[in-house]
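Before any comments, here is the structure.
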2 protein chains.
Amino acid sequence: MAVTIRDVAEASGVHVSTVSRAFSAPHLVNPATRTRVLAIAEDLGYRPNRAARALTTGRTHNIGLIVADIANPFFPPLIKAAQAQARLRDYHVFVADTDEDPQVEEELIQTLTKQVDGVLLCSPRLTNRTIERLREEVPFVVVNRRVKGMPTVLMDVGRGVRLAVEHLAGLGHRRLALVTGPSGSWTSKEMQAAAAAMGEADVAFLGPNPPTELGGLAAVTDVIASGATAVLAYNDLVAIGLMEGLAERGIDVPGDISVIGVDDIVPGRLSRPKLTTIAMPTAAAGRIAVDMLLQSVDSDSTGGVTVLETSLIVRESTGETHS
Amino acid sequence: MAVTIRDVAEASGVHVSTVSRAFSAPHLVNPATRTRVLAIAEDLGYRPNRAARALTTGRTHNIGLIVADIANPFFPPLIKAAQAQARLRDYHVFVADTDEDPQVEEELIQTLTKQVDGVLLCSPRLTNRTIERLREEVPFVVVNRRVKGMPTVLMDVGRGVRLAVEHLAGLGHRRLALVTGPSGSWTSKEMQAAAAAMGEADVAFLGPNPPTELGGLAAVTDVIASGATAVLAYNDLVAIGLMEGLAERGIDVPGDISVIGVDDIVPGRLSRPKLTTIAMPTAAAGRIAVDMLLQSVDSDSTGGVTVLETSLIVRESTGETHS
DNA sequence: ATACTTTTTGCAACCGGTTGCGGTATACGA
DNA sequence: TCGTATACCGCAACCGGTTGCAAAAAGTAT
């Protein structure tokens, strides 16, 4: 069996409480005994059992990270950053995939709560009501969605959309199409609102669509029918699907139609033509979200809303219109 | 505070041990009391504390999943599948990113051991010796690397390479280049061995290279110098980098040079031309790895080696040679 | 040397569960 | 009717730590 605090106590001839304090309250134990105890612990290979510790302290030093779909290229950078930041703060992270299923999401949260100090909800599909209820049991921070009175980190797509529309207007585009995402998506609504608020060009709203390549592929005929010379897609995956569909019909990008995506995921950087896109600061979002979470964990603060800037990355899929 | 087993006991007028058994040893309690207790637990919102339970049972119902780089597109499907399978078995999963650093990897394992029943090591960078030592503390299963006497799941790249070489030979290619990966990589060695063992064509080994786009980009001059008409790259990322570099030099793929990658990651499916690649069954690997892990957890079996088939997916980056 | 602080350590209860053992109540066979 | 097997339940110790309280030791001032 693994070596426990009692083994260390016995080996060093002190009481377990002294060993415990040697680790977690150094100032309460004689420096000499402390170093002796630590040395003995070291060569016995003792490692405190975090779960046992959590039982009395109420701090598990774990957080939960719940995402809709790990395999969606949007999330891995966020997960990676969150995990790295957590490690910096000496936290471990559970990650769970809900497969876009609210049912699963709720159950996951339920079973996780006792083992974590807080959970990060990324693009949750749960209703606001459910989230507010669950909130009683464990601190949250929500990423990529607005939930009243809850600590949140948002990425300002609105700004990105404005930048994109200006960029397109500058290239002479007057008629745009916005290929929207799933109907429940906060991001999609933001994009529509931002696009609608700009006077630069006419914009047709096409959707809702699934947030995937297939969604983009399926939207091609509508895009063509709309007569738009430039398209803003819900995300890069949709944009790539769109470009495939256009290519199949012999329509040149950006020669005939310009395309802009959202997210700046790896595939977009590698596509042909390379995709112009609105970059979402996902890594920063992950990092900041865990900081907010840990802060709200040990200060019970209500926590505010952090809005992260987005930017436009111009690559090869946008160009002047010739129509 | 959260509702505990004692709250339930009190509310239902029985001893805590009865409540405990109502949950985890149903046959030891009167069906009538059991349903009553369960009902009361339900509407008190009681959820057993898994960490506390683990203290006595020795089963945490958690596993650890350690990967080199979450953001590398190779891993997310594996993580997703592993997590899904774990959930099926009522397990939660910690995922940790080592950033390719063996130091971090070891430390992560150390701090995780007490909280998990076992850990999945994906493409570990640790030395065999270290792995064998750590093994004393927690059950492992290793993915994508061979470690003597340890439960392992491997993907048979060798077969994929043979298929690829045959495919190329069939297209008339006689002179190939293999752009290898990092020097420590098991996969890279397997690929070299398989390629060397085939008589179909001459093959030049170019490397080692970092397993990224940049690695591919950097290998371009060597590839050209080698006079090869077809290239097999360490992975899809390298292949994509290669294709960029070739395009920059005005060399057509597959017209002038054919390119094959390994992994079948999403970006390869979306690249232009679409990448011919050796598909690695990462999702299956994740699923099977957790099953092997859980099995070795509750049977102490030494566990064998599972080898998964790979296959060749022919897309657009390979074609007949005209030289 | 004495009284009073301050530092260091031990004791024991507690966190939220599980489980071996023994006690009761009921059922069953003789 | 009695003895005994069986089903159900409670008691209490335990898992591996932490922590309030008090005792012991060491230091300080008088």
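Note that this is a predicted model, so its numbers are computed, not measured.
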- salt bridge (charged side-chain N to carboxylate O under 4.0 Å, His left out) partners for B:Arg146, two or more places apart: none
For nucleotides 18-21 of chain D, tabulate all protein N/O to nucleotide N/O atom pairs closer than 3.5 Å, reporting atom names and distance.
residue	atom	partner	partner atom	Å
D:dT18	OP1	A:Arg53	NE	2.5
D:dT18	OP1	A:Arg53	NH2	3.3
D:dT18	OP2	A:Ser20	OG	2.4
D:dT18	O4'	A:Thr56	OG1	2.9
D:dG20	O6	A:Arg21	NH1	3.4

- Message: Any carboxylate oxygen within less than 4.0 angstrom of a Lys/Arg side-chain nitrogen, looking at B:Asp291 and B:Arg89?
- Response: yes
- Query: Atom CG of B:Asp7 and atom C1' of C:dG17: how far apart are they, to the nearest Å?
  - Reply: 13 Å
- Message: Does anything in residues 25-40 of chain A come within less than 4.0 Å of DNA chain C? Heavy atoms only, and list the residues if so.
- Response: A:Leu28, A:Val29, A:Asn30, A:Pro31, A:Thr33
- Task: Could you tell me the separation between the CG atom of B:Leu55 and the P atom of D:dC15, rounded to a whole number of Å?
- Result: 9 Å
- Message: I need the full list of salt bridge (charged side-chain N to carboxylate O under 4.0 Å, His left out) pairs touching residues 11-22 of chain B, with sequence neighbours left out, sorted by first then second residue.
- Response: none
- Query: Taking CD from A:Glu10 and P from C:dG10, how many angstroms apart are they, rounded to a whole number?
  - Reply: 13 Å
- Roughly how many Å is it from CZ in A:Arg59 to P in D:dG16, rounded to a whole number? 24 Å
- Terminal helix-axis angle for the helix from C:dA1-D:dT30 to C:dA30-D:dT1, with five pairs defining each axis and rounding to 10 degrees: 40°
- Of all residues at least two apart in sequence or in a different chain, which pass the salt bridge (charged side-chain N to carboxylate O under 4.0 Å, His left out) check with B:Asp117? none
- Under the side-chain contact (heavy atoms from CB on, under 4.5 Å) test, residues paired with B:Ala84 that sit two or more places apart: none
- Residues two or more places apart in sequence or in another chain: which of them pass salt bridge (charged side-chain N to carboxylate O under 4.0 Å, His left out) with A:Arg125? A:Glu100
- Pairs flagged by side-chain hydrogen bond (donor to acceptor under 3.5 Å, both in side chains) wherever residues 32-54 of chain A is involved - sequence neighbours left out: A:Arg50-A:Asp90
- Taking only residues at least two apart or on different chains, which pairs with a member in residues 58-69 of chain B satisfy salt bridge (charged side-chain N to carboxylate O under 4.0 Å, His left out)? A:Lys80-B:Asp69
- Note on the structure: residues 60-82 of chain A vs ring pair (Phe, Tyr, Trp, His ring centres under 6.0 Å), sequence neighbours excluded, gives A:His61-A:Tyr91
- Touch class at under 4.0 angstrom, heavy-atom based, for A:Arg47 against every strand present: sugar-phosphate
- Taken in chain and number order and not counting sequence neighbours, the residues that satisfy salt bridge (charged side-chain N to carboxylate O under 4.0 Å, His left out) with A:Glu132 are none
- Please determine which of A:Val116, A:Asn62, A:Thr60 meets the side-chain contact (heavy atoms from CB on, under 4.5 Å) test together with A:His92. A:Asn62
